[in-house]
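Numbers restart at 1 for each chain; the letters A, B, ... are given by sequence-line order, proteins then strands.
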Amino acid sequence: MKRELSEQEIIRRESLQKLKELGIDPYPSAIFEVNTTSKKIIANYKDNEELEVVIAGRLMSRRIMGKASFAEIQDSEGRVQVYINRDEICEEDKTMYNTVFKKLLDIGDIIGIKGVVFTTQVGEISVKAKELTVLTKSLRPLPLPKIDTDGVTHDSFTDPEKRYRQRSVDLVVNPEVKDAFIKRTQLTNSMRSYLNEKGYLEVETPILQPLYGGAAARPFKTHHNALDVELYLRIANELYLKRLVVGGFDGVYEFSKDFRNEGMSRFHNPEFTQMELYVAYKDYIWMMDLVEEMVEKIAIDLHGTTEVKAGENTINFKRPWKRYTMYEAIEHFTGIDISKMDEAKMSQTAKKLGVEVDKSMGRGKLIDEIFGKKCEGELIQPTFIIDYPVEMSPLAKKHREKEGLVERFEAICNGKEICNAFSELNDPIDQRARFEEQLELVKRGDEEAMLLDEDFLRAIEYGMPPTSGMGIGIDRLSMIMTNSSSIQDVLFFPQMKPKKD
RNA sequence: GACCUGGUAGCUCAGCUGGUAGAGCAACGCCCUUUUAAGGCGUGGGUCCUGGGUUCGAGCCCCAGCCAGGUCACCA
């Protein structure tokens, strides 16, 4: 597996060798004690102050003018210019400047600078180097975008394939990419602290499961050698969290990586993150209030306001959000009241609305299709859609008043579902019947129908208190909160096809 | 999965109607002690995504494939 090295890589390896010959370790082990950052230097420097600093980072540009040079160092917070004068970093022996800095260092190398902050004649806050330390030699040339005085970027590294496949490089040369990921972590921190303040317990449940459940999706299959059993990667954590509610935890939540063996798109990655929450003695109406409050708080924590820009739209998470029943939403967007229609009439109506129908579709599926085609994309401001057909929701409790519906809601925002919740079905006899209906679907070839989980049924036969449960898509919410149009922009390492070569 | 677009130097890209493979930056060499995307002068660098085909001749045309992006479908 020998790779042909490019000219520039060969040169860098030769420089590496020469550094070693000069007795300089290109990969030293000792601590390099940094005492500030680029950002702090620029923010805090006052003229005429004798400020000694030690910084470290990547060498990102070099302007050599004989015996003096300017370079830019990029650390975790930004860049600062360094002034390197031959006679300031060298005593008698000028090797450190003439050979090491000018010849053997390359853009991308990680160096440490000890020096004094000053302002150049042109007025740029810089560090005058007194000591230069090689911390890591870089063996590959970085793609190197440059920004000119008009703010125009030249040679920017934008090829999405290369960016996603080589995120390390992307982060080095496009530091603004970091911002979305920092926001994403702030989002989960904000959510976690909200839930903790409410007294709910963060837990962990299995990713490797003998039976998958809790959602309608095709799973990834794997194999445990020692036990010689097939296992599945979880598609949801619902059934395990409910077992914990049976066991006496009244409020549990989990941030979970879930895995679905389905198509990919800018909204779908095979592994994605959800937060699921289950609270005993509550119902779905109560949960709507919680979702509103929590997401509003997240928007404020991240942006200092409830208004968030997402593409063309400005989304306002301020409470209260609009609430429509599914029938109301359909009537609102199509002008047709389908609530009293039978299956035949509804099928006709769907066809008229341009929805593709086939004979296998029951009433519930038709409603869902009409909603998906005619309403979901129109809902830009956060909106709750309430009361779903029972056929689509085998784990939700039947509606306390409305025949054929369940107590379920989704939160829709920017035309996409971000949250799904219901009053959890805790009647074990009904739950068994619903699983059996799902099994009928499996027999008819539905690859996404749920499996009957006997162990879960046994748990709720002991009695699960009335419970409200909710799942919220962290990737989708992150996309909205960071104004990203693709899920790949909020995942460090989105799934890509392996390169064949 | 379908359709559209793209894949050329380390990076960003040009390459006409099929006729010797190009530019800027980066690299390398020399000069230069406060510069600002790019100081000056000079030099080297290519599996034109892969495999077939047409042709005297293919980066360009044709076929098949790989990878990516977009749109749609699928995915509550």
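Salt bridge absent: Arg266(A) and Asp489(A) never bring a charged side-chain N and a carboxylate O closer than 4.0 Å. Note on Lys94(A) versus Asp87(A): salt bridge recorded, some NZ/NE/NH1/NH2 to OD/OE distance being below 4.0 Å.
Comparing the same atom, C1', in U55(B) and in C61(B) gives a spacing of 10 Å after rounding to whole Å. For the P atom pair drawn from G24(B) and G44(B), the interatomic distance equals 14 Å after rounding to whole Å. Using C1' as the reference atom, C13(B) and G59(B) are 14 Å apart when rounded to the nearest Å. Comparing G18(B) with C28(B), their C1' atoms sit 36 Å apart, to the nearest whole Å. Going from the C1' atom of G22(B) to that of C31(B) covers 29 Å, rounded to whole Å. Straight-line distance between the P atoms of G10(B) and U5(B): roughly 28 Å, to the nearest whole Å. Here, C56(B) and U50(B) have their P atoms 25 Å apart, quoted to the whole Å. Rounded to whole Å, the P atom of G7(B) lies 12 Å from the corresponding atom of U12(B).
For the OP1/OP2 pair of G70(B) and a distance below 4.0 Å, the side-chain nitrogens and oxygens of Arg266(A) include no atom meeting the criterion. Residue Gln81(A) places none of its side-chain N or O atoms closer than 4.0 Å to OP1 or OP2 of U34(B). Residue Lys162(A) places at least one side-chain N or O under 4.0 Å from the OP1 or OP2 atom of C11(B).
For Glu276(A) against Leu241(A), the heavy-atom pair with the smallest separation is CB-CD1, 3.7 Å.
In this pair, Phe333(A) and Tyr324(A) present their aromatic rings perpendicular. The plane angle is above 60°, beyond the 30 to 60° band.
The base of A26(B) sits within donor-acceptor range of the side chain of Gln8(A), with an N or O pair under 3.5 Å. Between the side chain of Arg63(A) and the base of A38(B), no donor-acceptor pair of N or O atoms lies under 3.5 Å. Checked by distance alone, Gln121(A) brings no side-chain donor or acceptor within 3.5 Å of a matching partner on the base of U35(B).
At a threshold of 4.0 angstrom between heavy atoms, the contacts of Glu369(A) with the nucleic acid are absent. Residue Phe118(A) is in base contact, counting any heavy-atom pair closer than 4.0 Å across all strands shown.
Ranked by how close their nearest RNA chain B nucleotide is to the 5' end, Asn85(A) and Asp159(A) are led by Asp159(A). Heavy-atom distances to RNA chain B give each of Gly263(A) and Ile11(A) a nearest nucleotide, and the one nearer the 5′ end belongs to Ile11(A).
For Arg62(A) and Phe101(A), the positive end sits near the middle of the six-membered ring, less than 6.0 Å away and at most 45° from its axis.
Per the geometry, CD belonging to Glu7(A) stands 15 Å off P belonging to U43(B), to the nearest Å. Atom CG of Asn261(A) is separated from atom P of G1(B) by 13 Å (rounded to the nearest Å).
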